[in-house]
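Inspection log for the structure reproduced underneath, given as structure tokens.
Since we're looking at a predicted model, the values are computed, not measured.
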Amino acid sequence: MKVTHEELEQSIAYNASLILNELLAKEAPKVPFDYSCILLFNKIAQVLGIKRTRVYSTHIGNGSWLVNMYSIMFLASGTGKDRLHNYISYTLMKDIMREVQIMYEEQYKVAFKSLVDLSIKKFPDNEGLSKAWLSRNLPYDNYLFNAMRGTQEGIYEARKSLSNFEFGSVNFFNGEFTDYYTSRNETNKDFLDAMKNTWYGDNDAVLIKSDKSIKAIHGVPMNMLVHSANLRFLRDKVLKTKLLDFLSDGMARRSYVVVSHKKKLDIALSLDEYEAKRLSHNKEKEGIEEFAASKFNELSNHLFTTINPSYRLTAEADKEVTNYSMYLNSEIDKILPEYIASEVEGRLEKVIKLACIMSAFELPKEQWVNVDFVKKAIIVVEYYSKQYEKYFLDIEKQADGKLKQYLLDNVSKWVSKTDIRNLDLHDGNFTRWLEENISFIESDMYGTDYELQSIPNGSRGSLYRIISKGDSIKEKEKEIAETYENKLRKERGENL
């Protein structure tokens with residue numbers, strides 16, 4: 001299912017489209033639409049998460065999911081991406097932040113008194129133990145809207161703190177995420193595991209370092225929005241491998257992965273014209289800025305005046321999800337690298353949650369998510385998924401994937417070393433390059449329905465091919481049958 005950029009823009013509903021095109025695009029003119037779109041949806045998901053909003057669908061095993069969103073953005077530096085995030089957070093969402101902080105402080109006082117009473121009850125004769133227990137169990141005294149750095153312990157502590165309240169979510173925002181997935185630091189690796197394991201808003205009780213324990217916490221949503229301006233993985237084989245391993249290990253399934261470059265500005269404009277355009281936007285943006293903030297506030301106000309807010313897909317919307325799941329089943333059956341297959345498996349969940357996010361922002365008081373929002377969500381998810389698939393498959397083809405793709409394009413056919421050399425895919429020493437690629441392909445075929453085979457070809461050569469395991473078995477059965485038939489014919493004295 002191919003989706004063009006024009007179709008992506010057309011799929012965005014009225015409120016979101018107006019904010020993207022008339023406000024965000026002019027506020028940060030270097031930031032591509034692809035990035036701004038996911039950023040806006042991520043911030044809407046954050047608002048939904050504060051009140052722990054759920055979405056219901058017949059496609060969800062236990063009936064509902066917390067609405068949340070993970071996004072990983074690769075975007076060149078100098079675009080203003082951090083500034084745009086801060087603009088939405090601290091300008092468009094400032095009223096929400098203020099109201100939530102006031103509510104949090106009020107409930108903190110109640111929780112504080114309750115925990116003090118409980119600590120005294122637990123240790124009536126030992127003030128030291130009472131204070132120590134209270135210190136370990138007190139929630140944070142401020143609501144943390146955007147955590148900029150994180151550790152495994154930090155995530156669980158934030159979740160434990162919010163478990164004292166009936167609202168609140170943990171939101172991780174970071175501008176240099178490359179440092180996490182490329183790090184040898186175990187603390188960073190543990191943090192990524194914690195992000196992955198709390199995707200559904202739950203975590204089991206676990207033991208961590210220094211014999212510390214973490215209690216099971218349920219129903220506290222997690223949102224993630226991370227950037228990286230570091231595109232070195234395109235040229236660095238080690239970094240590329242780390243990135244693909246990270247994505248394969250469940251994060252591609254959970255996350256929107258956006259790879260984009262700076263948007264080119266209109267170089268036909270003179271400096272005076274550009275300055276006049278910028279000043280005109282500053283003069284005109286007040287109205288659209290008020291509109292955007294009012295839409296965030298309208299959603300938040302509805303959520304906080306509703307007990308256990310939730311949205312449900314209509315029967316027609318669920319049927320559209322069924323049709324989409326059948327398409328995804330055909331995609332999963334294809335020969336795909338693990339980091340692509342993992343992402344395909346996550347698309348259905350992304351569609352259901354995104355349909356809820358889009359519907360809630362346009363029609364916050366309408367409980368039912370109609371089929372139009374599911375169709376829009378499918379377009380958005382497919383656009384970013386195909387962008388991800390193409391981009392990272394191209395990266396693979398630029399390196400070890402070139403030979404593998406050639407063998408897949410000629411599946412079941414034997415290819416000689418000479419054939420491969422004539423493709424001119426290698427750099428440097430051909431023999432060493434071929435050995436590395438054959439080793440890569442053998443390991444990449446492990447666990448799939450295909451295998452790499454090689455046989456001698458002359459005194460020093462070899463033939464290679466990729467073949468389905470089913471066809472390989474049939475060939476062996478045929479070879480055994482022919483060998484047995486030849487043996488019988490020989491015993492009967494017939495000419496072979």
Side-chain angles (χ1 to χ4, degrees), residues 1-3 8 11 34 37-39 41-42 44-45 48-49 54-74 172 177 181 192-203 221-226 243-259 313 317-318 320-358 369 373-393 447-448:
M1 184 185 297
K2 187 176 180 181
V3 178
L8 170 70
S11 72
D34 295 9
C37 182
I38 292 299
L39 171 61
F41 288 140
N42 199 287
I44 297 169
L48 291 163
R54 289 187 170 273
V55 58
Y56 287 80
S57 167
T58 57
H59 290 270
I60 302 174
N62 62 355
S64 70
W65 287 317
L66 288 166
V67 181
N68 67 327
M69 192 167 177
Y70 281 13
S71 307
I72 304 172
M73 315 282 208
F74 293 97
F172 179 68
F177 194 58
Y181 69 78
L192 293 179
D193 284 339
M195 288 297 302
K196 181 178 66 176
N197 295 335
T198 53
W199 162 246
Y200 288 106
D202 304 319
N203 65 265
M222 293 290 304
N223 288 293
M224 182 181 80
L225 175 63
V226 294
L243 173 63
L244 297 183
D245 286 347
F246 164 70
L247 293 171
S248 299
D249 194 26
M251 289 308 284
R253 179 170 69 82
R254 293 164 170 80
S255 307
Y256 290 83
V257 181
V258 181
V259 182
L313 269 64
D318 262 328
E320 188 67 23
V321 175
T322 300
N323 292 335
Y324 184 57
S325 69
M326 294 173 67
Y327 159 74
L328 290 179
N329 288 337
S330 67
E331 289 289 286
I332 291 172
D333 287 340
K334 295 178 181 178
I335 311 167
L336 297 170
E338 184 58 35
Y339 57 89
I340 301 295
S342 173
E343 187 277 330
V344 174
E345 291 171 357
R347 290 183 198 175
L348 194 74
E349 183 172 351
K350 288 175 185 172
V351 162
I352 292 172
K353 290 184 177 181
L354 183 59
C356 177
I357 291 168
M358 298 173 90
V369 179
F373 287 110
V374 170
K375 290 178 178 179
K376 291 177 184 297
I378 289 172
I379 291 173
V380 173
V381 169
E382 280 295 310
Y383 176 82
Y384 287 100
S385 295
K386 293 303 184 188
Q387 181 194 65
Y388 165 80
E389 185 176 314
K390 180 183 183 304
Y391 201 87
F392 284 91
L393 282 177
T448 72

request  = Please list, chain by chain and in numerical order, all residues satisfying ring-ring contact (aromatic ring centres under 6.0 Å, His included) with Tyr256, sequence neighbours excluded.
outcome  = none
inquiry  = To the closest 0.5 Å, what do you measure between CD (Glu349) and CD1 (Ile60)?
reply    = 8.0 Å
ask   = Are any of the side-chain heavy atoms of Leu247 and Leu243 separated by less than 4.5 Å?
value = yes
query = Any donor-acceptor pair under 3.5 Å linking the side chain of Asn42 with the backbone of Leu225?
reply = no
message = Which residues pass the side-chain contact (heavy atoms from CB on, under 4.5 Å) test with Ser64, not counting sequence neighbours?
response = Arg54, Tyr56
request  = Evaluate the salt bridge (Lys or Arg N to Asp or Glu O under 4.0 Å) criterion for residues Arg347 and Glu382: first the C-alpha distance (whole Å), next the side-chain angles of each, then the deciding distance (0.1 Å), finally the verdict.
outcome  = CA-CA 8 Å; Arg347 290 183 198 175; Glu382 280 295 310; 3.1 Å; yes
inquiry  = Under a 3.5 Å distance rule, please check whether Tyr384 uses its side chain to pair with a backbone N or O of Asp34 as donor and acceptor.
reply    = yes
inquiry  = Within the structure provided, determine whether Met358 and Leu354 are in side-chain contact (heavy-atom separation under 4.5 Å).
reply    = yes
inquiry  = I'd like to check Lys350 versus Val380 (side-chain heavy atoms, cut-off strictly below 4.5 Å). Are they in contact?
reply    = no
query = Which heavy-atom pair separates Lys353 from Val67 by the least distance, and what is that distance?
reply = O-CG1, 4.2 Å
ask   = Is the backbone of Glu343 close enough, under 3.5 Å, to the side chain of Tyr388 for a donor and an acceptor to pair up by distance?
value = no
For the student: nearest non-hydrogen atoms of Cys356 and Val55, plus distance = CB-CG2, 3.8 Å
query = Checking side chain to side chain contact (heavy atoms under 4.5 Å, CB included) for the pair Lys375/Glu320: CA distance, chi angles, key distance, verdict?
reply = CA-CA 8 Å; Lys375 290 178 178 179; Glu320 188 67 23; 3.9 Å; yes
note = Shortest non-hydrogen pair, Ala45 vs Met69, comes out as CB-CB, 3.8 Å
query = Rounded to the nearest 0.5 Å, how far does CG of Leu328 lie from CG of Asn323?
reply = 11.0 Å
task = Evaluate side-chain hydrogen bond (donor to acceptor under 3.5 Å, both in side chains) for Asn203 paired with Thr198, printing each intermediate quantity in order.
result = CA-CA 6 Å; Asn203 65 265; Thr198 53; over 6 Å; no
Audit row: Asp245, Asp249, side chain to side chain contact (heavy atoms under 4.5 Å, CB included) steps and yes/no = CA-CA 6 Å; Asp245 286 347; Asp249 194 26; over 6 Å; no
Any residue meeting ring-ring contact (aromatic ring centres under 6.0 Å, His included) with Phe177, in chain and number order, not counting sequence neighbours = Tyr180, Phe246
query = If you take all heavy atoms of Ile332 and Val344, which pair is closest and at what distance?
reply = CG1-CG1, 3.4 Å
request  = Considering non-hydrogen atoms only, spot the tightest contact between Lys386 and Met1 and give its length.
outcome  = CE-O, 3.5 Å
query = With respect to Tyr324, which candidate in Val351, Ile352, Asn329 satisfies the side-chain contact (heavy atoms from CB on, under 4.5 Å) definition?
reply = Val351
ask   = With distance as the sole test, does Ser255 use its side chain to make a donor-acceptor pair with the main-chain N or O of Val257 at under 3.5 Å?
value = no
inquiry  = When you measure from the side chain of Asn68 to the backbone of Trp199, do you find a donor-acceptor pair of N or O atoms at a distance under 3.5 Å?
reply    = yes
task = Please confirm whether the backbone N or O of Tyr339 pairs with a side-chain atom of Ser342, one donor and one acceptor, at under 3.5 Å?
result = no
query = Do Met222 and Leu66 come within less than 4.5 Å of each other through their side chains, counting heavy atoms only?
reply = no
query = Of all heavy-atom pairs between Tyr70 and Met195, which one has the smallest distance, and what is that distance?
reply = OH-O, 2.7 Å
request  = Test side chain to side chain contact (heavy atoms under 4.5 Å, CB included) on Met224 and Ile72 and set out the steps.
outcome  = CA-CA 8 Å; Met224 182 181 80; Ile72 304 172; 3.8 Å; yes
